[in-house]
There are 2 protein chains.
Amino acid sequence: MRWDDISAQTCSIAKATSIFGDRWTLLIVRQLFLGIRRFSDIQQSLGITKHRLTDRLNRLIEEEIVFKHLYDERYNRYEYRLTEKGLDLYPVMITITQWGDKWVCDHDGVPVEYVHTECGEVANPRLCCSCCGKPLSLDNTTLKVGPGIVKKCARDAMSDVDKMLYGRLLDQQEQEP
Amino acid sequence: MRWDDISAQTCSIAKATSIFGDRWTLLIVRQLFLGIRRFSDIQQSLGITKHRLTDRLNRLIEEEIVFKHLYDERYNRYEYRLTEKGLDLYPVMITITQWGDKWVCDHDGVPVEYVHTECGEVANPRLCCSCCGKPLSLDNTTLKVGPGIVKKCARDAMSDVDKMLYGRLLDQQEQEP
DNA sequence: TTGACAGGTTCCATTTTGCAACCATAATTA
DNA sequence: TAATTATGGTTGCAAAATGGAACCTGTCAA
């Protein structure tokens, strides 16, 4: 499978991977969240080559995750900022951080903590059900095929990849309607 | 910066990126979550070459995210399963899926939905404060340096990368104790 | 006028990936 | 019994992505 074909898949993780599945992109986004926005600051703080950084930033701009903001008209200087689509990656950054904090952290402990300003406490974010508010886990959730697959199935437009990925789920749901 | 140096950083996102920052690893983990566990099934369903899949699975085993499980003694056949460390990636998978569903989904709609079995509804998972239970967002959270940085700072052991990343946060907190 | 800085681009070597062929073991079929 | 198939790989080479260093352009500051 070629790289372009991955982004063409129905799966949202595949599409996200086609954007972030490389050495640098997620780290660049992290810098932007931390307020490191200028080309040279990002470049030096990451130790990425200018070449690669130019490339990745352009990709992020193409994907409308980042935009260039003129912060100094006299000098014609730009900084890179997250769009709404980019800012929406906040939960992803948080869950990755938490996984890393738990499993790959060094003995000194967690490097940063999230504070919930409304209650003033360290937040320790966790995923909850938007309906009843209770915490979600692997044990109390199941997967269900959504409209994206149901529609494709109805008009016989499922790709081979889709069939392998979601076929089992579809079969289950057809048996117990 | 070389690839090995990235995993040596204090930042949890950097460490996670050093594991998942490639074309395939996250997609392999997705297959495992979906119950696609055998070498040839993963290989065919992803369109990854055997070569690469061997490589990535071994890396995941090294990182103790995946382990080999003998499922047929007669044939000496193994399947790949997620360890606790691997299963703990569930929130990451969910938040990435949600981001993808919102921003890069095709017009047919969401491919899969998460159902909360306790309340029976589609879950639409969101991050909440473990202390007060209220939803978290970029607007109601702030970052604070944790023990990992405080300790390194105290014994003057912050790397240059750490200083650039967390220096600003540290300064802020020293000013307003 | 010289130097420095921000923000790149160009060129080439190195590393990572993709593709195809091959291999070993065990089971199944002819 | 011999040939074929399935699983789970390994090997070798070409193609693509990445890293490193040098170079370029526009602006300002000394």
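Here is how names work: the chains are called A, B, and so on, in the same order as the sequence lines, proteins then strands, and each is numbered from 1.
Spacing between atom CG of Leu46(B) and atom P of dG18(C) amounts to 11 Å, rounded to whole angstrom units. The interatomic distance linking Gln44(A) (CD) with dA21(D) (C1') rounds to 16 Å, in whole Å. Distance Asp55(B) CG to dT11(D) P: 13 Å, rounded to the nearest Å. Taking atom CD1 of residue Ile6(B) and atom P of nucleotide dG19(D), one finds them 7 Å apart after rounding to whole Å. Between His69(A) atom NE2 and dA6(C) atom C1' there is a gap of 16 Å when expressed in whole angstrom units. Nucleotide dT18(D) holds its P atom 9 Å from the CD1 atom of Ile48(A), rounded to whole Å. If you measure from atom NZ of Lys50(B) to atom P of dC19(C), you get 14 Å, rounded to the nearest angstrom. At whole-Å resolution of the value, CG in Asn58(A) and C1' in dT18(D) are 16 Å apart.
Considering only side-chain atoms of Phe39(B), the nucleotide from dG8(D), dG12(D), dG7(C) that sits closest is dG8(D). Closest to the Arg52(B) side chain, of the nucleotides dG19(D), dG18(C), dT10(D), is dG18(C). Set against dG8(D), dG8(C), dG18(C), the side chain of Trp24(B) has dG18(C) as its closest nucleotide. When each of dT17(C), dG8(C), dG7(C) is scored by its nearest atom to the side-chain atoms of Lys68(A), the top-ranked nucleotide is dG8(C). Of the candidate nucleotides dT18(D), dT17(C), dA6(C), dA6(C) has the atom nearest to the side chain of Arg77(A). Residue Asp22(B) places its side chain closer to dT17(C) than to any other of dT17(C), dC22(C), dG7(C). Listed nucleotides dG19(D), dG7(C), dC19(C) differ in distance to His51(B); the shortest reach to its side chain belongs to dC19(C).
At dG8(D), one or more side-chain N or O atoms of Ser40(B) fall inside 4.0 Å of OP1 or OP2 (strictly under the cut-off). Phosphate proximity of dG9(D) to Tyr80(B): present, with a side-chain N or O under 4.0 Å from OP1 or OP2. For Arg23(A), no side-chain nitrogen or oxygen approaches OP1 or OP2 of dT18(D) to under 4.0 Å.
The two residues Leu57(B) and Phe39(B) make their nearest non-hydrogen contact at CD1-CD1, 3.9 Å.
Base engagement by Thr49(A) is indicated by at least one non-hydrogen atom pair under 4.0 Å involving a base atom.
The six-membered or imidazole ring of Trp99(B) lies away from that of Tyr90(A), with a centre-to-centre distance of 6.0 Å or more.
Between Arg77(B) and Glu79(B), none of the side-chain N atoms (NZ, or NE/NH1/NH2) sits under 4.0 Å from a carboxylate O, so this pair counts as no salt bridge. The existence of a salt bridge linking Asp108(A) and Lys152(B) is confirmed by a sub-4.0 Å separation between a basic side-chain nitrogen and an acidic carboxylate oxygen. With salt bridges taken as basic N to acidic carboxylate O contacts below 4.0 Å, one links Arg52(B) and Asp55(B).
Note on residues 115-143 of chain A: no pairs pass salt bridge (charged side-chain N to carboxylate O under 4.0 Å, His left out), not counting sequence neighbours.
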Trace of the side chain to side chain contact (heavy atoms under 4.5 Å, CB included) decision for Lys15(B) with Gln9(B)
CA-CA 7 Å; Lys15(B) 287 187 207 276; Gln9(B) 288 180 30; 5.8 Å; no

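Side chain to side chain, Thr95(A) and Thr95(B) meet the donor-acceptor criterion of an N or O pair below 3.5 Å.
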Measure all distances between protein nitrogen or oxygen atoms and nitrogen or oxygen atoms of nucleotides 28-30 of chain D, and list the pairs falling under 3.5 Å.
{"from": "dC28(D)", "atom 1": "O3'", "to": "Tyr75(A)", "atom 2": "OH", "distance (Å)": "3.2"}

